[in-house]
Number of protein chains: 2
Amino acid sequence: MNFTKTTSYSLHVLAYMARHENKIMSASYLHRQLDIPYSYLRSVLLDLSRKGLIMGVKGRNGGFCLGREKKDIYLSEIVNATEGIDVLNKCIMGYEKCPFDNVCIFHSAWTRMRDEILDILENTTLADHLNSTDISKSNINQ
Amino acid sequence: MNFTKTTSYSLHVLAYMARHENKIMSASYLHRQLDIPYSYLRSVLLDLSRKGLIMGVKGRNGGFCLGREKKDIYLSEIVNATEGIDVLNKCIMGYEKCPFDNVCIFHSAWTRMRDEILDILENTTLADHLNSTDISKSNINQ
DNA sequence: TTAAATTGCTATGCCTGGGTAGCAATTATG
DNA sequence: CATAATTGCTACCCAGGCATAGCAATTTAA
Ligand code: FES
Ligand code: FES
């Protein structure tokens, strides 16, 4: 009923990196700053790195930084890299051909919200995001 | 990002039963009518039965019928019996204190939709549902 | 009486999201 | 050089949603 934790973690990490640009941050540092389980954070970072959203720097004093400028990273790409943006194209009720003739009782509320979220994801970059919200100190679910 | 299949199955079964009230329907009959995998349908029905939403009748020609009058079964009870209605109280981004001060970028779209869905769930009975939608022949996801 | 159809119940399996752990390779520091 | 800190990578574990299969008990039909 909401984004996966992996997506949430990724958005947090990338937003944090955007806020402190040009700084190389290690997994252990990010772990301390964002309260994301270390081992899992490692695998999330590896994944984001493989997908080009961040760039890994090996060796002592190594770490990660944004793979592109923050004004060129759209939130939709992040969601796509984790759970895939298709989650938003599914009918809330599990129907196959939802958006068309097959209208359930939740249909209107669901599609309206879906369109709004999609619009936000596709038109907000990390740079925009910095100006609109403040998620520096996380209180993410455990 | 949407209701579980179990919830969807349950809503379908109960809506179908409401439409044909006072008729005892076996699992295999419902399976044929609603295209829900037989074995899984069995366990869903057992669960709904244990929770009192439907009533099981044993023996040949046995089956299930609504546990209460259709005007006394609210959709929220059904969702509660399957995945729990709490899914709707979480921040879409994984924040802890969503509805209060901690506002993420999706907050407005998310809470608006959430309130609408909750309102529908808590104020719609199976009887109301019959008058508003038609989900008799399902094309549910496999 | 025997067989068929049914629910009640339990055990099992698969897949995915979330999470842990460890090892090799790389780089900086003492 | 030796050690510490780091990423890259892989293997593994666990829980829950989804699904299958089978057995016992009950009831009806032939
Ligand atoms: S038919 Fe898909 S949300 Fe209603
Ligand atoms: S703070 Fe995220 S949806 Fe409310």
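Computed from a predicted model, the values in this text were never measured in an experiment. Reminder, nothing fancy here: chain letters follow the sequence lines and each chain counts from 1.
Residues A:Phe64 and A:Ile24 have side chains not in contact (no heavy-atom distance under 4.5 Å, counting atoms from C-beta outward). The closest side-chain heavy-atom distance from A:Ile36 to A:Leu30 is not below 4.5 Å.
Rounded to an integer number of Å, the gap from A:Phe64 CZ to D:dG8 C1' is 9 Å.
Nearest-nucleotide mapping onto DNA chain C: of B:Arg60 and A:Arg60, the residue sitting toward the 5' end is B:Arg60. Residues B:Thr82 and B:Asn61 both approach DNA chain D. Their nearest nucleotides, taken by heavy-atom distance, put B:Thr82 toward the 5′ side.
Nearest to the side-chain atoms of A:Pro37 among the listed nucleotides C:dC9, C:dG19, C:dT29 stands C:dG19. Distance from the side chain of A:Ser39 is smallest for C:dA21 among the nucleotides C:dC9, C:dA21, D:dT7. In the set D:dT7, D:dC18, C:dG19, D:dT7 carries the atom at the smallest distance from any side-chain atom of A:Arg42. If you check C:dG8, C:dT29, C:dT7 against the side chain of B:Tyr38, the one that comes closest is C:dT7.
Checking the phosphate oxygens (OP1, OP2) of D:dT6, a side-chain nitrogen or oxygen of A:Ser26 falls inside 4.0 Å. Taking 4.0 angstrom as the limit, B:Lys58 places none of its side-chain polar atoms (N or O) nearer than this to OP1 or OP2 of C:dA5. In this model, the phosphate group of D:dT7 is not approached by any side-chain N or O of A:Ser49 to a distance below 4.0 Å at OP1 or OP2. For B:Tyr40 and D:dG17, the shortest distance from a side-chain N or O to OP1 or OP2 is not below 4.0 Å. For the pair B:Thr6 and D:dC18, the criterion of a side-chain N or O lying under 4.0 Å from OP1 or OP2 is met. The side chain of B:Ser28 places no N or O atom within less than 4.0 Å of a non-bridging phosphate oxygen (OP1 or OP2) of C:dA5.
Contact annotation: side chain of A:Arg50 to base of D:dG8, donor-acceptor pair absent below 3.5 Å.
Ring geometry, B:Tyr9 versus B:Tyr40: the interplanar angle exceeds 60°, so the pair is classed perpendicular (tilted spans 30 to 60°). Using bins of under 30°, 30° to 60° and over 60° for the plane-to-plane angle, the ring pair B:His31/B:Tyr38 lands in the perpendicular bin.
Exactly one residue among A:Thr125, A:Leu66, A:Thr124 makes a side chain to side chain contact (heavy atoms under 4.5 Å, CB included) with A:Ile73. That residue is A:Leu66.
Within 4.0 Å (heavy atoms only), A:Ser43 reaches no atom of the nucleic acid at all. Residue B:Gly62 is in sugar-phosphate contact alone, with no base atom involved, counting any heavy-atom pair closer than 4.0 Å across all strands shown.
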